[in-house]
> 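Got a structure for you, written out below as structure tokens; questions coming shortly.
Every heavy atom of this structure was used, including side-chain atoms; hydrogens, water molecules and symmetry mates were not. Given the structure is predicted, the values throughout are model-derived calculations rather than measurements. Atoms within a ligand are numbered from 1 in the order they appear, just like the ligands themselves.
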Amino acid sequence: KTVLDYVSSKERIYPVGRLDYDTTGLIILTNDGELTNLLIHPRNKIDKIYVAKIKGILTKEETLKLTHGVVIDNKKTSPSKVKIKKIDKNQNNTDIIREAGRILKEGGLVAFPTETVYGLGADALNEDAAKKIYAAKGRPSDNPLIIHITNMKALEKIVSEIPEKAVKVAEKYWPGPLTMIFNKSDIVPYGTTGGLDTVAVRMPVDEIAREVIDAGGGYIAAPSANTSGRPSPTTAQHVAEDLTGRVDMIVDGGAVEIGVESTILDVTVEPPMILRPGAITKEMFEEVIGEVTIDRTLIKPDSKQVPKAPGMKYRHYAPK
Ligand code: AMP
Ligand code: MG
């Protein structure tokens with residue numbers, strides 16, 4: 001019955017999980033009685049918010065017992081500055097890329113441009129790092145991340161098998177706006193796959209993205225660099241406005257072209273199935289591997305059927 005996944009102010013995200021569906025008023029206790037930039041997951045129908053001041057700090061256990069409110073400890077929020085590093089395409093940017101790589105390898109978050117939108121990157125093989133993405137974005141924990149790689153050798157390490165048809169599709173459409181679902185290997189943590197035994201993998205074509213991925217160890221989870229519910233960012237400034245304080249570095253590669261999201265193709269089933277439509281169409285796959293089906297919930301939205309790509313139930317937050 002949990003409907004409220006999180007409440008966040010500009011600086012921090014506060015998970016809450018105990019409101020009932022009919023809750024429309026929310027009490028927020030802060031230790032100075034002030035609250036700015038409050039964001040409530042759009043799924044909730046909260047129309048009244050009461051902010052009050054409390055003395056002292058509640059323990060974590062006490063906080064969890066609250067059924068109609070959340071405690072925000074303003075004293076602990078520190079609106080730190082975010083590092084924005086501009087990439088000059090005519091220059092040698094080794095230092096910036098190396099720094100991004102170091103932060104990623106240490107388990108930090110780096111936002112960087114890809115061919116579609118700015119991505120919020122973390123080491124996909126480090127469970128704690130991947131979890132930071134969910135916290136920073138306020139992303140529901142059942143919406144798995146896509147691992148970004150730059151070469152086929154990397155694919156072999158994170159999947160348990162590569163079906164023949166996937167090889168053919170990869171030869172034709174990778175690098176590019178295509179994500180494929182494979183059975184995962186043991187080194188991929190469940191914190192990255194949202195608890196699934198399958199893993200989503202994409203090989204982007206954008207040069208800056210590829211350099212950041214390689215510098216960061218080669219396996220980078222990177223959903224759009226925005227809080228869930230907000231538009232996907234196409235400039236470094238958008239990312240800074242939305243995520244300052246929750247991201248360690250932003251690689252500024254200028255404005256990205258607003259593209260279509262990657263097509264998601266599940267190659268663990270026979271025939272392969274499209275779970276999210278995108279730039280690469282059914283016909284384009286069929287040219288290479290013959291019959292491909294489409295997740296029927298995409299064709300006939302039906303409240304009883306759950307989409308096979310968990311994130312598709314949050315469609316209204318995707319870029320337009
Ligand atoms: P994005 O937020 O654009 O990076 O979207 C990631 C999409 O990939 C979401 O719709 C996820 O549900 C989907 N996805 C990621 N991993 C899997 C998986 N193992 N199986 C099915 N869908 C997945
Ligand atoms: Mg997104």
> Could you check whether Asp197 pairs with Lys184 (Lys NZ or Arg NE/NH1/NH2 to Asp/Glu carboxylate O, under 4.0 Å)?
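Here Asp197 does not pair with Lys184 in a salt bridge, since their nearest N and O are not under 4.0 Å apart.
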> Could you list the donor-acceptor pairs under 3.5 angstrom formed by side chains in residues 167-177, with sequence neighbours left out?
| from | atom 1 | to | atom 2 | distance (Å) |
| --- | --- | --- | --- | --- |
| Tyr173 | OH | Met284 | O | 2.8 |
| Trp174 | NE1 | Leu178 | O | 2.8 |

> Should the proximity of Lys308 to ligand 1, defined as any heavy atom under 4.0 Å, be assigned to the side chain, the backbone, both, or neither?
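Backbone only.
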> Out of Asn143, Ile147, Thr192, Leu275, who gets a non-hydrogen atom closest to atom 9 (C) of ligand 1?
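That would be Asn143.
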> Consider ligand 1: state whether an atom of it lies below 4.0 angstrom from any non-hydrogen atom of Thr193.
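Not so, Thr193 does not reach ligand 1.
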> At a 4.0 Å cut-off, with the gap strictly under it, does some heavy atom of Arg139 reach an atom of ligand 1?
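Arg139: in contact with ligand 1 (<4.0 Å).
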> What atoms in ligand 1 come closer than 4.0 Å to a heavy atom of Arg276?
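Near Arg276, the atoms of ligand 1 are 1 (P), 3 (O), 5 (O), 7 (C).
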> Give the atoms of ligand 1, by number and element, whose distance to some non-hydrogen atom of Leu196 is under 4.0 Å.
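Contacts of ligand 1 toward Leu196, numbered from 1: 18 (C), 19 (N), 20 (N).
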> Return the set of residues passing side chain to side chain donor-acceptor pair (under 3.5 Å) with Glu286 (not counting sequence neighbours), or none when no residue passes.
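Per chain and number, Glu286 pairs via side chain to side chain donor-acceptor pair (under 3.5 Å) with Lys282.
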> Going by the atom numbers of ligand 1, which of them fall below 4.0 Å from some non-hydrogen atom of Gly311?
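That gives atoms 9 (C), 10 (O), 11 (C), 12 (O) of ligand 1.
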> Check whether the side chains of Asp206 and Thr114 place a donor and an acceptor atom closer than 3.5 Å, and report yes or no.
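Looking only at side-chain atoms, Thr114 and Asp206 do not form any donor-acceptor pair under 3.5 Å.
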> Quick check: does Pro310 get an N/O under 3.5 Å from an N/O on ligand 1?
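Yes, Pro310 has an N/O under 3.5 Å of an N/O on ligand 1.
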> Quick check for you: to the nearest 0.5 Å, what is the distance between Thr281 atom OG1 and Ile294 atom CD1?
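Reported to 0.5 Å precision, the distance equals 9.0 Å.
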> Hey, is the main chain of Gln91 close enough, under 3.5 Å, to the side chain of Asn93 for a donor-acceptor pair?
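Such a contact is found between Asn93 side chain and Gln91 backbone.
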> Of all the atoms in ligand 1, which lie at a distance below 4.0 Å from a heavy atom belonging to Ile264?
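What qualifies from ligand 1 is 7 (C), 8 (O), 13 (C).
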> Check whether any N or O atom of Thr198, backbone or side chain, sits under 3.5 Å from an N or O atom of ligand 1, and answer yes or no.
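In this structure, Thr198 places an N or O atom under 3.5 Å from an N or O of ligand 1.
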> Can you figure out which of Val117, Ile181, Thr179 has its heavy atom closest to atom 23 (C) of ligand 1?
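Looking at heavy atoms only, the winner is Ile181.
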> Any chance you could measure Thr193, atom OG1, to Leu145, atom CG, to the nearest 0.5 Å?
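CG of Leu145 is found 9.0 Å from OG1 of Thr193.
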> Just wondering, are more than 12 heavy atoms of other shown residues or ligands nearer than 6.0 Å to CD in Glu164?
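Open.
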